[in-house]
Amino acid sequence: MEIVATALLAVFTTGYLVLAGADIGVGMLLPWLGRSAPERRTVIAAFAPFFLGNEVWLVAVAGILAGAFPGMEHELLYAHRQLFLLLLLGWVVRDAGLWWRGRFDAAWWRAGCDTMVVAGSWALALALGGVLGSLLAGSAPYGLPIVAVFALHGSGFARLRLPSSLRHRAVGSYPLTAVALAGLALAAGARLDLGHAVAGPSSLKIVTVFVLVMLPLMLGAQALSWWTFRARVKGPGYL
Amino acid sequence: MDDPVFTARLQFALTAGAHFLFVALTLGLVTLVVLMQLRATVTGSEVHGRMVAFWGRLYVINYAVGIVTGLVLEFQFGMVWTGLTRVTGDVFGVPLALETIGAFFIESTFLGLWIFGWDRFNKWVHLAMITVVAATAYASAYFILVTNGWLKKPVGFAMVDGKAVLTDFGAMLTNPAAVLAFWHVFFGALLTAGFFVAGVSAYHLMRRHPDVEFFRRSIRIGMLTVIVSLMPSVVFGGVQMPFMEPSGVETDPPALAQVAFGFMAFDWFVMAWFALGFMVIFFVKPLLLRARVVHWLIIAAVPLPYFAMILGWLTRELNRQPWAVLGILRTEDAVAPLTPGAAQLSFVCFVSLFAVLTGVNFWLLARHARRGPEVVRLGAAGEAAAPLPTPTF
């Protein structure tokens, strides 16, 4: 059971970094990928249908930690509480900027929301890079290169999604950075001593079996979302 | 504020309270949106289709802040309430895990499909999506209340070496402190949405909005929701009381708990009068459509269920003190060994952020509610839409 739970944790962690890493990266590069307000709205449309479904992978990670590895939840979060404070602030500010952007029709409002998206994305990347750096190399500043990987990953994603008029501004290869982020996630996870933090047999079984039962629905819904919005973006969208 | 325990408690109370303000409306409103979309899908009714767009947009505005505030709560357990996860994590973490996997994850994915896939799916598929969103929203509320109910009435566990170990998950799922609270919140959320829909509709009827048909139907849906959900909400709130009595465990709730309960009871009394009034107005068309005094009263009633919700939570949570988990873990032992400075930094960051979120969201909600349905356009602004920002729904 513990091996299955560990595998599930690995799936959701790598899933989060690869999927959400792309929309975080696009958010970081928003001022460069979109030079005017309508352009920026098109850039946001490149990831808008996905960000809600992407960010919940991290919620699932927190849930699996809480249920299957309760000892690790507080060890990891409390030990890195400043980084998680930054992560949460960035996450909330960024999402608020995305949701609010189209709700009021004024240039200053859109500029403010764009700023929230960019600042929030950078804060998220810094915090995630910090946590990974701390786990992999013992200190958060070692994670700074990982911040660049997020940006490059976003750029690679933008190349796949943006219309030809904007695509030339993006560089990078999405599959390459996806593999890099997945590798980082797995390497960092391998350094955690999950064994001593594992839940009791009864809790572990309930959580693991429940996740396994829900997995087809979860992945099916995600796949439906990717398939539905697979077409390259042609112009501004809902947000 | 020099006491990190007090700072951490106040932070949780304020952030959870702010989150719940959004959750209450989200839960109730999504239910009404599902019913509207069901009617629109089955009968092809044009006015119901527009109602889905208008009320659905207000729902999404509200939901957005609900989700981001919920994230902060989910992570606070590991960052601030480490004692809770250290001593009782083996039990407490299970419903939380089920909530994130079986509810939060699926709810968000399907909500994304519903919002962004507005004109891309078959109408039945699109209806199924919002139905899944509503069902998982209730699943989420249930699992959270299982978690919360366990703090109030710990069941299905054994203490082994100073740590709680889960022994009977069924007992936890059927814990009366969770199940009764769930139905209380279920009807309370409907009540919140009912007063909200009635209040916004009353505003437009008072302003003599040309689309009388739209708001006549809406206000009746809102009033009917209030009439139907008020009594069950009060009853499920009331029958919780015996289970709320501490069983052999000494508690020392602050005086505020009594005060909150008193105000809540008064608030329910006022809402009951509104529900009675609605039963009359519902059938008297001239009063419903023309009487501005009636409209004003209905608008003024919109905050009532919110007060009841917050006061109810205060009563529930304060009555357990000084215990975080009744009889097992004291609140002071549940908080991480934070320095006063660290606790204050976290407090200032989250509370100021939540204040801004609540304020801006209230403004946006009021603004979009006031604009009415005529500016609402169906369909995600995609290929065919104008290149300039277009509010979709």
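Chain letters run A, B, ... following the sequence lines, proteins first and then strands; every chain starts at 1.
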(request) Enumerate by number any residue of residues 219-230 of chain A whose heavy atoms lie under 4.5 Å from heavy atoms of chain B; in the absence of such residues, state 'none'. (result) A/Ala221, A/Gln222, A/Leu224, A/Ser225, A/Thr228, A/Phe229
(message) As an exercise: rank B/Thr85, B/Val160, B/Leu111, B/Val132 by heavy-atom pairs under 4.5 Å with chain A and give me the winner.
(response) B/Thr85
(message) Quick check on B/Val80 against chain A: is it the side chain, the backbone, both or neither that has a heavy atom closer than 4.5 Å?
(response) neither
(message) Tell me the closest heavy-atom pair linking B/Val356 and A/Trp100, and the distance in Å.
(response) O-CH2, 4.4 Å
(message) For the interface with chain B, which of A/Ala96, A/Ala62, A/Ala48 has the highest count of heavy-atom pairs at distances below 4.5 Å?
(response) A/Ala48
(request) Quick one: which of B/Gly83, B/Ser108, B/Gly89 has the most heavy-atom pairs under 4.5 Å with chain A, could you say? (result) B/Ser108
(request) With a 4.5 angstrom heavy-atom cut-off, could you sort out which part of B/Phe121 is near chain A: side chain, backbone, both or neither? (result) side chain
(request) Measure distances from B/Ile106 to the heavy atoms of chain A and classify the residue's part below 4.5 Å as side chain, backbone, both or neither. (result) side chain
(message) I'd like to verify something: which residue of A/Ala79, A/Pro70, A/Ala197, A/Pro201 has the highest number of heavy-atom pairs under 4.5 Å with chain B?
(response) A/Pro70
(request) Select one option (side chain, backbone, both, neither) describing which atoms of B/Leu353 are under 4.5 Å from chain A's heavy atoms. (result) side chain
(request) Look up atom CG in A/Leu88 and atom CG in B/Leu71, then write down how far apart they are to the nearest 0.5 Å. (result) 7.5 Å
(message) With chain A as the partner, which of B/Leu166, B/Thr69, B/Val91, B/Ile67 has the greatest number of non-hydrogen pairs under 4.5 Å?
(response) B/Leu166
(message) Between A/Phe104, A/Phe50, A/Phe51, who has the most heavy-atom pairs with chain B when the cutoff is under 4.5 Å?
(response) A/Phe104
(message) Quick check: closest heavy atoms across B/Arg367 and A/Arg103, and the distance to 0.1 Å?
(response) NH1-O, 3.4 Å
(request) Starting at CE of A/Met214, measure out to CG of B/Leu98 and round the result to the nearest 0.5 Å. (result) 9.0 Å
(message) Students often mix this up, so state it plainly: with edges at 30° and 60°, are the rings of B/Phe105 and A/Trp57 parallel, tilted or perpendicular?
(response) perpendicular
(message) Less than 4.5 Å to any heavy atom of chain A: does that hold for the side chain of B/Leu357, its backbone, both, or neither?
(response) both
(request) Could you pull out the closest heavy-atom pair between A/Gly67 and B/Ala97, with the gap in Å? (result) CA-CB, 3.7 Å
(request) Please tell me if the side chains of A/Trp91 and B/Val72 come closer than 4.5 Å, counting only heavy atoms from C-beta onward. (result) no
(request) State, yes or no, whether a side-chain contact exists between B/Ile101 and A/Met218 at a heavy-atom distance under 4.5 Å. (result) yes
(message) Need one label for B/Phe110: side chain, backbone, both or neither, based on atoms under 4.5 Å from any heavy atom in chain A.
(response) side chain
(request) Return the option, out of A/Ala66, A/Gly71, A/Ala45, A/Gly53, with the maximum number of heavy-atom pairs under 4.5 Å with chain B. (result) A/Ala66
(request) Using atom types as modelled and distance alone, determine if a side-chain donor or acceptor of A/Ser203 lies under 3.5 Å from a backbone N or O of B/Asp90. (result) yes
(request) To the nearest 0.5 angstrom, please state how far the CG atom of A/Leu65 sits from the CG atom of B/Leu96. (result) 12.0 Å
(request) Name the region of A/Phe69, side chain, backbone, both or neither, that has any atom closer than 4.5 Å to a heavy atom of chain B. (result) neither
(request) Side-chain contact test, heavy atoms from C-beta onward, threshold under 4.5 Å: evaluate it for B/Phe350 versus A/Val92 and give yes or no. (result) no
(message) Let me confirm one number: the CD-CG distance from B/Gln76 to A/Leu85, rounded to the nearest 0.5 Å.
(response) 10.5 Å
(message) Minimum heavy-atom separation for A/Tyr78 and B/Pro337, please, with both atom names.
(response) OH-O, 3.1 Å
(message) Can you tell me which portion of A/Glu55 sits under 4.5 Å from chain B's heavy atoms? Options are side chain, backbone, both or neither.
(response) side chain
(message) I'd like to know which of B/Ser346, B/Ala64, B/Gly112, B/Ala342 tops the heavy-atom pair count under 4.5 Å against chain A.
(response) B/Ala64
(message) Test your reading of the model: is there a side-chain donor-acceptor pair from A/Asp95 to the backbone of B/Val68, 3.5 Å cut-off?
(response) no
(request) Would you name the heavy atoms of B/Thr100 and A/Gly63 that are closest together and state the gap between them? (result) OG1-CA, 3.2 Å
